[in-house]
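Keep in mind that what you see is a predicted model, and the values were worked out from it rather than measured. Residue numbers run from 1 in the order of the sequence given. Reckoned from all heavy atoms, side chains included, excluding hydrogens, waters and symmetry mates.
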Amino acid sequence: MQIAPDQTTRDGELTVNRRRTLRVGIGGPVGTGKTALVAELCRRLAATLEVAVVTNDIFTTEDADALKRAGVLDEDRIRAVETGCCPHTAIRDDIAANLDAVEQLEARYPALDLVLVESGGDNLTAVFSQALVDLQLFVLDVAGGDKVPRKGGPGVTTADLLVVNKIDLAPLVGASLEVMARDARERRGDKPTVLTSLVADDGARPVLRWLTARLAEHAEALQQHT
C-alpha cells in the first residue's frame with residue numbers, strides 16, 4: 001500500500017498516519033460504470049463496515065442522487081461536489097471542495113472505515129492527488145474499444161487497480177478481452193487489473209476482493225503503530 005497522504009518521512013523514518021478512514025478514489029471516462037461500481041461496493045460493504053461516499057459532477061448532483069435512489073447508504077453519508085470545471089481539476093489540482101466533503105464526513109462519522117471519492121467522468125490523464133486519497137481505481141469499459149489500455153496515460157498506468165468493465169459487451173463491439181488484458185499488463189507491469197461485468201449478480205467480486213485486502217492492510221498498519 002502506498003504512503004497515505006498525511007504520512008511523512010522524517011530523517012528516513014516513516015511517521016504513520018493514524019487516521020482510521022481509508023480514502024479510495026474511483027476515476028475513469030464518462031459512462032464506464034463508476035457510479036454503478038460505487039453502488040455495488042457500498043451494497044456489499046455497508047453491512048459490516050462504516051462507509052461514506054463523495055461524488056463529483058460538473059454542474060449537477062446526478063451521481064449522488066443516483067446513489068441515494070439506489071438506497072445503498074443512508075443519504076447523509078453521500079455528499080455531492082459540483083466541480084464547475086474539468087473533473088480532474090477538483091481531484092488533482094484544487095482539491096479543496098473534495099477534501100472539505102471528506103473531512104466533514106469523517107467528523108460526522110468518527111468510526112468511518114472507508115470513504116469512496118468518485119470523480120466526474122474524465123480522460124486517461126485523470127488521477128487523484130495523494131493529499132485527497134490513499135488509493136485509486138481507474139475504470140475503463142470495453143465499449144471504448146480494446147485499444148484503450150495500450151493508449152496508457154496516468155489513469156491507466158498509475159492506478160492501484162485498473163478495472164475493465166462491461167466485458168459482457170465485448171462480442172457486440174468487437175473488442176478482444178485478451179488484447180485488453182495483455183496491453184494492460186504491458187502498461188502496468190505488476191499493478192493489478194481486473195475484468196468485470198456489473199450486470200452480473202456478483203460482477204464486482206474481483207474489485208471487492210482487492211478492496212477488502214487493502215482495508216485489512218490498512219487496519220493492520222494502524223494496529224502496528226498504536
Side-chain angles (χ1 to χ4, degrees), residues 1-4 22-45 55-56 63 86-89 91-92 114 116-130 132-218:
M1 182 183 296
Q2 71 183 56
I3 297 174
L22 183 68
R23 302 172 180 176
V24 177
I26 298 179
V30 173
T32 55
K34 297 184 298 298
T35 305
L37 178 60
V38 170
E40 190 61 18
L41 293 176
C42 291
R43 207 174 273 121
R44 301 285 181 173
L45 293 171
T55 67
N56 282 248
D63 289 343
C86 292
H88 62 260
T89 301
I91 63 169
R92 184 183 66 208
L114 175 67
L116 299 173
V117 182
E118 180 193 350
S119 171
D122 211 332
N123 58 37
L124 299 178
T125 69
V127 292
F128 287 78
S129 167
Q130 290 188 351
L132 177 60
V133 301
D134 304 304
L135 298 166
Q136 53 188 321
L137 285 67
F138 199 76
V139 186
L140 302 176
D141 73 279
V142 301
D146 56 21
K147 65 184 181 296
V148 177
R150 69 174 171 266
K151 285 180 174 287
V156 170
T157 60
T158 69
D160 296 286
L161 180 69
L162 179 66
V163 180
V164 178
N165 190 30
K166 303 185 182 180
I167 59 174
D168 53 297
L169 298 182
L172 302 178
V173 298
S176 167
L177 299 179
E178 291 77 11
V179 166
M180 297 186 83
R182 179 202 67 200
D183 292 346
R185 284 193 301 272
E186 291 178 355
R187 292 295 187 189
R188 290 175 51 75
D190 293 335
K191 294 185 179 70
T193 299
V194 296
L195 279 65
T196 62
S197 172
L198 295 177
V199 298
D201 288 342
D202 207 11
R205 177 181 289 183
V207 182
L208 186 64
R209 185 183 300 119
W210 178 88
L211 183 55
T212 300
R214 304 292 80 74
L215 284 160
E217 290 173 359
H218 182 69

Closest non-hydrogen contact found for Leu132 with Ile91 is CD2-O, 3.9 Å
Applied to residues 181-206, the salt bridge (charged side-chain N to carboxylate O under 4.0 Å, His left out) test, sequence neighbours excluded, yields Arg44-Asp202, Arg150-Asp183, Asp202-Arg205
Here the salt bridge (charged side-chain N to carboxylate O under 4.0 Å, His left out) pairs for residues 161-179, sequence neighbours left out, are none
dist Ile26:CD1 -> Leu116:CG (nearest 0.5 Å) comes out at 5.0 Å
Under a 3.5 Å distance rule, please check whether Asp146 uses its side chain to pair with a backbone N or O of Ser176 as donor and acceptor. yes
Test side-chain contact (heavy atoms from CB on, under 4.5 Å), reference Val142, set Asn165, Leu172, Leu195, Leu177, output is Leu177
For residues Val194 and Trp210, determine if any side-chain heavy atom of one lies less than 4.5 Å from a side-chain heavy atom of the other. no
Heavy-atom closest pair (Gly155 atom, Ala159 atom, distance to 0.1 Å) is O-CB, 3.3 Å
Could you check whether any side-chain N or O of Lys34 sits under 3.5 Å from a backbone N or O of Phe138, counting only pairs where one atom can act as donor and the other as acceptor? no
Val127 vs Arg92 side-chain heavy atoms within contact, under 4.5 Å:
yes
Nearest heavy-atom approach of Pro87 to Ser119 is CB-OG, 4.0 Å
Contact check, side chains of Leu41 and Val24, non-hydrogen atoms, under 4.5 Å: no
So CG of Leu161 and CD of Gln136: to nearest 0.5 Å the spacing works out to 11.0 Å
Value for CD (Glu217) from CG (Asp134), rounded to nearest 0.5 Å, stands at 12.0 Å
*Is the closest side-chain heavy-atom distance between Thr55 and Thr35 below 4.5 Å?*
no
All heavy atoms of Ile167 vs all of Pro171, minimum pair found to be O-CD, 4.2 Å
task = Any chance you could lay out the side-chain contact (heavy atoms from CB on, under 4.5 Å) test for Asp63 and Val38, step after step, and finish with the verdict?
result = CA-CA 10 Å; Asp63 289 343; Val38 170; over 6 Å; no
Requested in this report: Spell out, as yes or no, whether a donor-acceptor pair under 3.5 Å connects the side chain of Glu40 to the backbone of Ala204.
Outcome: no
| query | Between Leu114 and Leu211, does a side-chain contact (heavy atoms from CB on, under 4.5 Å) hold up when you go through it step by step? | reply | CA-CA 10 Å; Leu114 175 67; Leu211 183 55; 4.0 Å; yes
### Query
Does Asn56 reach the main-chain N or O of Glu118 with its side chain, forming a donor-acceptor pair under 3.5 Å?
yes
Applying side chain to side chain contact (heavy atoms under 4.5 Å, CB included) to Val148 and not counting sequence neighbours gives Leu124, Leu140
Correct closest heavy-atom pair for Ala184 and Leu162 would be CB-CD2, 3.9 Å
